[in-house]
Q: 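Sharing a structure below in structure tokens format, with a few things to ask.
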Amino acid sequence: MGVGLLLACHGLVTALVVVSFLCGRWPIFEGTFIQRINYFITFGAYDYFLRFVGAVFGSKCTDAVLSVEYYCCDRPNPLLQIIYLVIISFTYYFVASSSFVYIPGYYLSATHKYTSFFAAAVGILLFLLTSFCDPGTIKAENVSQYLAAYPYDNIIFSEKECSTCKIPKPARSKHCSICNRCVARFDHHCGWMNNCIGERNTRYFMAFLLWHFLLCMYGTVAVCLILAGRLKELKVVYILTVYYGIENSFWDLAPHVAQWLLGSYNTQILLIVFLAIVGMLLAGFSGYHAKLCLSNTTTNETFKWQDYMDWQRKFKEAQASAAALRQSISGINGEKKQPISRNKWKAFFRRSPLEDVVVVKNNVYNKGFLHNIQEVISPLSTRQSFTQTKLKEVISPLSTRQSFTQTKLKSR
């Protein structure tokens with residue numbers, strides 16, 4: 001029973017950490033221990049680490065840690081790319097070395113040796129595509145096309161110039177301080193890819209997240225089926241019930257089966273736990289970015305909309321409060337004529353004017369489910385109409401010059 005309790009506690013702690021990391025900043029968890037765990041994981045632990053380093057080793061060591069942080073987090077570097085390749089390579093190696101010997105087995109055929117390699121290879125291919133594909137770099141040569149492709153909504157995007165690149169800044173674009181370039185339909189800078197996620201490589205990034213989620217689920221289920229096959233082939237349940245006299249029920253057999261698995265197949269158990277945790281993380285990221293794609297919004301725009309909606313809400317609440325105050329002052333004389341007890345009950349049940357404040361998000365780039373998906377799969381800059389815009393802009397000045405010269409000749 002102790003092994004079962006230990007596994008249950010491990011699962012609960014793992015779920016708590018994953019939920020706190022992914023969802024700790026949601027409004028529903030505000031002021032709860034989940035929000036505090038999220039803060040500790042994302043900020044607090046590193047802050048305590050810096051304090052510890054400063055107290056034990058001095059300020060020079062703290063500066064060294066901060067310089068390493070600057071290189072890893074604020075400058076383009078292949079560190080996380082190498083870590084990804086190491087993780088997927090070692091994971092595949094441990095799966096192959098510990099589990100392929102049991103394939104074919106009771107539940108899995110020999111083809112899974114080859115499909116697993118193919119699945120890992122496709123994952124690495126999507127990683128390379130996302131990492132080295134142009135995210136949609138805006139230059140002086142193509143800025144006019146992007147200006148025509150993405151109109152300003154004059155809400156979160158207005159006409160301005162990039163202070164670094166010294167070119168007009170199209171709507172939905174952002175200058176990445178790490179890559180030092182303007183990126184069209186900027187979503188975020190991904191350290192794992194050492195690249196920005198923008199208009200041209202969002203499709204590869206989404207495919208990468210979805211494929212790796214499926215890859216983790218495939219690995220988890222496959223290893224579980226291998227262990228289930230070993231239980232069948234070695235007749236573990238039969239031995240436990242017949243020779244050891246254990247009751248043939250789930251709750252009685254589960255602790256003994258778990259103890260046997262941990263003792264005989266601990267590598268496979270660790271792989272299952274690791275793949276399941278990474279799969280849950282990828283499921284969260286995939287779902288979040290899928291929601292953004294379906295509404296034709298980016299991560300960068302989500303933060304902009306949040307700031308705008310907060311500002312609008314505060315502004316409208318201030319207007320509603322001012323209007324309610326004027327109404328209260330104007331109605332004081334009328335309320336004085338009514339009985340005092342009635343005024344108290346009326347004030348108690350009166351609806352707050354702040355409850356009627358509604359802020360509407362008007363996303364002009366959201367043009368429907370199908371159009372939004374098409375824009376991700378087939379970016380605007382890859383379409384023929386995008387290149388035709390450039391041709392029109394080149395032809396139109398020429399035609400203007402020709403008409404001007406013709407007019408000048410006729411006047412002579």
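Here the structure is a predicted model, which means the values were calculated and not measured.
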Q: Would you say the ring centers of His212 and Phe285 fall short of 6.0 Å from each other?
A: no
Q: Less than 3.5 Å apart, any donor N or O on the side chain of Asn194 or His189 sitting next to an acceptor on the other?
A: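 Per modelled atom types, Asn194 and His189 side chains form no pair under 3.5 Å.
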Q: Are Leu275 and Thr91 close enough that some pair of their side-chain heavy atoms sits under 4.5 Å apart?
A: yes
Q: Looking only at non-hydrogen atoms, find the nearest pair between Cys196 and Phe186 and report the distance.
A: SG-CE1, 3.8 Å
Q: Would you say the side-chain atoms of Asn38 and Ser20 include a donor-acceptor pair closer than 3.5 Å?
A: no
Q: As a test of understanding, state which of Ile197, Thr302, Val183 forms a side-chain contact (heavy atoms from CB on, under 4.5 Å) with His188.
A: Ile197
Q: May I ask you to say whether Glu301 pairs ionically with Lys304, meaning some side-chain N is under 4.0 Å from a carboxylate O?
A: no
Q: Near Phe303 CZ, under 6.0 Å, is it more than 12 heavy atoms from other residues, nucleotides or ligands?
A: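 Open.
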Q: Restricting to non-hydrogen atoms, name the atom on Ile167 and the atom on Lys139 that form the minimum distance, rounded to 0.1 Å.
A: CD1-C, 4.1 Å
Q: With a 4.5 Å limit on heavy-atom distance, are the side chains of Asn195 and Thr130 in contact?
A: no
Q: Under 4.5 Å between any side-chain heavy atoms of Leu234 and Trp260, yes or no?
A: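 Answer yes - side chains close enough.
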Q: Atom NZ in Lys361, atom CD1 in Ile155: separation rounded to 0.5 Å?
A: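 Atom-to-atom, Lys361:NZ and Ile155:CD1 are 11.0 Å apart.
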Q: Parallel, tilted or perpendicular, judged at 30° and 60°: which one describes the rings of Phe90 and Tyr93?
A: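 Plane angle over 60°, so perpendicular.
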Q: Can you check whether Cys293's main-chain N or O pairs, donor with acceptor, with Thr297's side chain at less than 3.5 Å?
A: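 Side chain of Thr297 to backbone of Cys293, a donor-acceptor pair under 3.5 Å: no, none is there.
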Q: Kindly say whether Lys367 contributes a backbone atom to a donor-acceptor pair with the side chain of Asn372 at under 3.5 angstrom?
A: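 Yes; judged by distance alone, with no hydrogens or angles, the pair exists.
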Q: Side chain to side chain donor-acceptor pair (under 3.5 Å) between Tyr107 and His112: does it pass, once the steps are laid out?
A: CA-CA 11 Å; Tyr107 293 109; His112 288 277; over 6 Å; no
Q: For residues Tyr102 and Tyr265, establish whether the separation of their ring centroids is below 6.0 Å.
A: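 Yes; Tyr265 has its ring centre under 6.0 Å from that of Tyr102.
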Q: Give the minimum heavy-atom separation between Phe157 and Tyr152, together with the two atoms involved.
A: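 Scanning both residues, the minimum pair turns out to be O-CB, 3.8 Å.
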Q: Side chain to side chain donor-acceptor pair (under 3.5 Å), that's the test. Do Arg172 and Thr298 meet it? Break it down for me.
A: CA-CA 8 Å; Arg172 314 193 73 183; Thr298 64; 5.3 Å; no
Q: Less than 4.0 angstrom from a charged side-chain N to a carboxylate O is my criterion; do Asp47 and Arg51 meet it?
A: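 Result for this pair is yes, salt bridge flagged.
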Q: Once rounded to the nearest 0.5 Å, what's the spacing between atom CZ of Phe127 and atom CG of Leu85?
A: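 It comes to 5.0 Å.
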Q: Any side-chain heavy atom of Arg181 within less than 4.5 Å of one from Pro135?
A: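 Side-chain contact under 4.5 Å: yes.
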Q: Would you say Leu270 and Phe94 make side-chain contact, with heavy atoms under 4.5 Å?
A: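 No, too far: nothing below the 4.5 Å cut-off.
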Q: Measure from the side-chain N and O atoms of Arg383 to the backbone N and O of Ser378, and report whether any donor-acceptor pair falls under 3.5 Å.
A: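 Checked: pair present.
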Q: Work out which heavy atom in Val376 is nearest to a heavy atom in Arg185; give both atom names and the distance.
A: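 Heavy atoms of Val376 and Arg185 come nearest at CG2-NH2, 4.2 Å.
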Q: Just wondering, more than 12 heavy atoms not from Glu69 lying within 6.0 Å of its CD?
A: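 It does: Glu69 CD has more than 12 such atoms within range.
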Q: Between Arg313 and Asp310, does any side-chain N to carboxylate O distance fall below 4.0 Å?
A: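 A salt bridge is present here (some side-chain N lies under 4.0 Å from a carboxylate O).
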Q: Looking at Pro78 and Tyr71, what are the two nearest heavy atoms and their distance?
A: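 Minimum heavy-atom separation between Pro78 and Tyr71: CD-OH, 4.2 Å.
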Q: If you count heavy atoms of other groups shown closer than 6.0 angstrom to OH of Tyr46, is the number above 12?
A: yes
Q: Once rounded to the nearest 0.5 Å, what's the spacing between atom CD1 of Ile272 and atom OG1 of Thr220?
A: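 Answer rounded to 0.5 Å: 7.0 Å.
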Q: Closest approach of Phe100 and Lys113, non-hydrogen atoms and distance?
A: O-CE, 3.3 Å
Q: Indicate whether the side chain of Glu199 and that of Tyr146 have a donor and an acceptor atom separated by less than 3.5 Å.
A: yes
